[in-house]
Amino acid sequence: MRIRADHDVCIGAGNCVLSAPAVFDQDDDGLVELLVDEVPDDEREAAEVAVRRCPSGALTLED
């Protein structure tokens with residue numbers, strides 16, 4: 001599974017980092033930063049939670 005982040009849509013809430021810290025981080029401006037392109041199987045559930053919790057809809061998953 002691949003993850004994509006739209007920096008133009010991100011509002012820096014940080015829910016993604018709280019939900020899946022092995023997949024997401026925040027840059028100096030507080031915007032989402034991907035730590036991986038392909039989500040490892042053991043992080044899949046956490047990444048899915050992060051996508052659901054993103055208040056701006058900046059995250060998408062692709063199988």
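Start at 1 with the first residue, then count along the sequence. These numbers come from a predicted model, not from an experiment.
- Scanning for side-chain contact (heavy atoms from CB on, under 4.5 Å) contacts around E33 gives D25, D27, with sequence neighbours left out.
- The shortest distance between side-chain heavy atoms of V23 and L35 does not fall below 4.5 Å.
- Of all heavy-atom pairs spanning A47 and A20, the tightest one is N-CB, 4.1 Å.
- By the side-chain contact (heavy atoms from CB on, under 4.5 Å) test, I11 pairs with A13, P55, S56, sequence neighbours left out.
- Taking every heavy atom of both residues into account, G57 and V9 meet most closely at C-CG1, 4.2 Å.
- Residues M1 and V51 share a single hydrophobic cluster, defined by chaining ILVMFWY side chains whose heavy atoms lie under 4.5 Å apart.
- For C10, the side-chain contact (heavy atoms from CB on, under 4.5 Å) partners at least two apart in sequence or on another chain are L31, V32, A58.
- Contacts classified as side chain to side chain donor-acceptor pair (under 3.5 Å) and involving residues 3-15 (residues at least two apart or in different chains) are given here: R4-E62.
- Contact between A50 and C16 at its shortest, heavy atoms only, is CB-CA, 3.8 Å.
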Donor-acceptor pairs under 3.5 Å, side chain of residues 36-45 to any protein atom, not counting sequence neighbours: which ones?
unit_1: E38; atom_1: OE2; unit_2: R2; atom_2: NH1; d: 3.2
unit_1: R44; atom_1: NE; unit_2: E48; atom_2: OE2; d: 3.2
unit_1: R44; atom_1: NH2; unit_2: D63; atom_2: OD1; d: 2.8

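- Here the CZ-CG distance, from F24 to L34, works out to 6.0 Å after rounding to the nearest 0.5 Å.
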